[in-house]
J.: 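Starting off with a structure, shown below.
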Number of protein chains: 2
Amino acid sequence: MTRRAPRQADIAALAGVSQATVSVVLGGNQGGVRMSEDTRLRVLAAAEKLGYVPDPVATRLASRRNHMLGLYTFKATFPTDVADSYYPILVGVEEQAAALGQDLILFTGADGRGERTHDEAAIRRTKIADGCLFFGRHVPVASIEKLVETGFPLVYIGRRDELEGRIPFVGADYVSASAAVVDRLVSLGHRNVRYVRENDDAPSSTDRERGVVEAAARAGVECRVVRDEAPVDEWRRDGVTAVVVEETDTHAAYRAVRAAVDGTDLSFAVLGRPPEGGTDVTGFEVPRREMGRRAVELLVELITGDPGDLHQLLPCTPVPGTTVKDVR
Amino acid sequence: MTRRAPRQADIAALAGVSQATVSVVLGGNQGGVRMSEDTRLRVLAAAEKLGYVPDPVATRLASRRNHMLGLYTFKATFPTDVADSYYPILVGVEEQAAALGQDLILFTGADGRGERTHDEAAIRRTKIADGCLFFGRHVPVASIEKLVETGFPLVYIGRRDELEGRIPFVGADYVSASAAVVDRLVSLGHRNVRYVRENDDAPSSTDRERGVVEAAARAGVECRVVRDEAPVDEWRRDGVTAVVVEETDTHAAYRAVRAAVDGTDLSFAVLGRPPEGGTDVTGFEVPRREMGRRAVELLVELITGDPGDLHQLLPCTPVPGTTVKDVR
DNA sequence: CCCCAGCACTAATACGTATTAGCACCTTGA
DNA sequence: TCAAGGTGCTAATACGTATTAGTGCTGGGG
């Protein structure tokens, strides 16, 4: 039953011109080819009448532009467990893509039978789009390198330092934001702090640690780093007055520490936002939506050829909260 | 810098065969073309040596399908306000798309400058995919009809009865689920019920009303339908013992009624799930994730040519809850 | 010695669009 | 009248792979 979708050749036949003419007219005549107004209108009318829609695959094969941006996530794009942290980014991505007239291709990472693979073929499929956003805590370096080497435009959401800075990214400035949290503690008189981080070496984790450690060092304040455990009584014996905890998608460290600290007189801050929401816990807000927007912006710049800064770190907004006490 | 990616022609040259041979060998020889083991190995070796990876764009142009499913939403795909009700559907869609090896195109509805239009051109663009899912409370009938008429595969998420049943859909059986809620009230002795519904004539609203009204009629129970207001004292004077409220994305009716009923001895049920979550409120669970999955399944069936049932209604899961009292 | 049946492979073409060189025609000015 | 220049359009080709009809070759049977 399916009538074939109309193509330029059909329009050409209807309007009594050649396929090339149709392409020129519909393409907005970028090539500077002369065309009479009369012909132009005839072609447009025919296209309208047939309900023509350009084939994006053919467009891309012929010209390497189809106004589609890829979105490759290393987990499901719509994850079930960490919805709260992914979602705002996606909102930003969609927002900006719409604003710039780009559609989005979600690569499901499926190569036919179910299993989600992130092998080279899967990643290379992103080339169907004009460019692609990548989003995930880790990087399959080899595959990404091949993409980068072919000059394919891509932007990571989140800071990356693999491939000696050849990966463009839009991330959050966790270093400064984390340092600011420590600075605040220091200004309120805390001289002995524990930092609980998770067992992950993604940049978002290491950046936070760096911010905390450097700020503590600058202030001459003691700050020991521990992982994923909360012997609160011991800490208090050691003279600790404040606990800072990393916040990741899993919330693992956060929950453990929060539970242990609750009801004590320890000050408490989180490097991000607590999963339960609210503004009472001291920390900072990651500008996820803005990250999504800027990533799209940068990607489109890469595609069109004059990118701004290839490595962007957006500032996080401090959340004062009420869980840090003045101990001066 | 960009060295050209190797193509089949390069392999062919290296192996001393034709491009067609390369295609046949690398394509796993689906067409039943005979090929000597020797040649096969030579080609594979050459491909390996050059690091060949097929160009997905060309692949998709040459074969008729592009293995992309469209997803057209009448609001932003990633809405900021109704995340909870949209999201599970998207999860299901992505899940099943991945399982069936399909990528997803999100139509941002952008025609250049920001504003989201749903004119014919916007909807027509969905044809760049092999088929498209539509998702929204209302239908731009004229535009959709044109699509349907060309035989373009599409599936609505949510029941639709426009175009005399020519629109395939996967929806939820709100009629039965709503009736079941009333049946439960009746079985607990309620003989006078108020139904508060919202001011919307989308199928999801009218179906709920129908279920409620019919169930009440069958049981010979009084059930008056009101819109969006909650004069609780008046109801109680009239002998009402239970209130049923529709639940939509806006939560408007729900919130009003819930607040008014709270603290009274009126029983209370919702035709869906309350926005605050939990399982204490009597109602039912809409199988959103499953709807997403099945919609994808049906769409792919339409594309490949042997669709099952074009109109599917999925059962909702009853949630007993504790807000309905036994008044026998 | 010829014919036919496989065998191993390839030429040709399709897919739908973009791009570019250039053709045929017209106008203008000398 | 002719060259120069302009106008409006098209032929040809590229993009990289899939598909199919067919071609040349070999060997075996008659």
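FYI, side chains are in, hydrogens and waters are out, and symmetry mates aren't considered; it's all heavy atoms of this structure.
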J.: Distance check needed: dG16(C) P versus Leu50(A) CG, whole Å only.
T.: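 To the nearest whole Å, that distance equals 14 Å.
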
J.: Could you check Phe169(A) against Leu313(A) for side-chain contact (heavy atoms from CB on, under 4.5 Å), going step by step and ending with a plain yes or no?
T.: CA-CA 8 Å; Phe169(A) 63 77; Leu313(A) 285 183; 3.9 Å; yes

J.: Rounded to the Å, how far apart are Leu61(B) CG and dG16(D) P?
T.: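 In whole Å, dG16(D) P lies 12 Å from Leu61(B) CG.
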
J.: Give me the ring orientation class for Tyr86(A) and Phe135(A): parallel if the planes are under 30° apart, tilted from 30 to 60°, perpendicular past 60°.
T.: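 If you compare the ring of Tyr86(A) with that of Phe135(A), the planes turn out tilted.
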
J.: Roughly what angle, to 10°, lies between the helix axis at the start of the helix from dC1(C)-dG30(D) to dA30(C)-dT1(D) and the one at its end, five pairs per end?
T.: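 Helix axis angle between the two ends: 80°.
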
J.: Determine, for nucleotides 6-12 of chain D in 5'-to-3' order, which nucleotides have protein heavy atoms under 4.0 Å from the base (write B), from only the sugar-phosphate (write S), or from neither (write -).
T.: -BBBBBB

J.: From CD1 of Ile11(A) over to P of dA18(C), roughly how many Å is that when rounded to an integer?
T.: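 Value for this atom pair: 11 Å.
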
J.: Taking all heavy atoms of Leu302(B) and all of Pro168(B), pick out the closest pair and write down the distance.
T.: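 Nearest heavy atoms, Leu302(B) then Pro168(B): CD1-CG, 4.0 Å.
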
J.: Using whole Å, report how far CZ of Arg60(A) lies from C1' of dA14(D).
T.: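 Distance, rounded to whole Å: 15 Å.
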
J.: Looking at Arg40(B) and Glu37(B), is there a salt bridge between them, counting it only when a charged N and a carboxylate O are closer than 4.0 Å?
T.: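 Here Glu37(B) pairs with Arg40(B) in a salt bridge, since their nearest N and O are under 4.0 Å apart.
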
J.: Please report the closest heavy-atom contact between Val24(B) and Met35(B), naming both atoms and the distance.
T.: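 Nearest heavy atoms, Val24(B) then Met35(B): CG1-CE, 3.8 Å.
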
J.: Of all heavy-atom pairs between Ile303(A) and Gly131(A), which one has the smallest distance, and what is that distance?
T.: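 So the minimum-distance heavy-atom pair works out to CD1-N, 3.9 Å.
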
J.: Please report the distance, rounded to the nearest Å, between CD in Gln8(B) and C1' in dA11(C).
T.: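 These atoms are roughly 15 Å apart.
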
J.: Could you go through Glu95(B) and Arg289(B), starting from their C-alpha distance and side-chain angles, then the distance that decides it, and tell me whether this counts as side-chain contact (heavy atoms from CB on, under 4.5 Å)?
T.: CA-CA 9 Å; Glu95(B) 222 171 63; Arg289(B) 190 157 161 185; 2.6 Å; yes

J.: Between C1' on dT17(D) and NZ on Lys127(A), what's the gap in Å once rounded to a whole number?
T.: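 Rounded to the whole Å, the gap is 15 Å.
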
J.: Tell me whether Arg294(B) is salt-bridged to Glu290(B), with the criterion being a basic N under 4.0 Å from an acidic carboxylate O.
T.: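 Judged by the 4.0 Å cut-off on N to carboxylate O distance, Arg294(B) and Glu290(B) do form a salt bridge.
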
J.: What is the distance, to the nearest angstrom, from the CZ atom on Arg7(B) to the P atom on dG16(D)?
T.: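 About 5 Å, once rounded to whole Å.
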
J.: Applying the side-chain contact (heavy atoms from CB on, under 4.5 Å) test to Leu299(B), which of Val170(B), Val155(B), Thr304(B) qualifies?
T.: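 Running side-chain contact (heavy atoms from CB on, under 4.5 Å) over Val170(B), Val155(B), Thr304(B) with Leu299(B) returns exactly one hit, Val155(B).
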
J.: Rounded to whole Å, how long is the line connecting atom NE2 of His67(A) with atom P of dT17(C)?
T.: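 Spelled out: NE2 on His67(A) to P on dT17(C) is 14 Å.
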
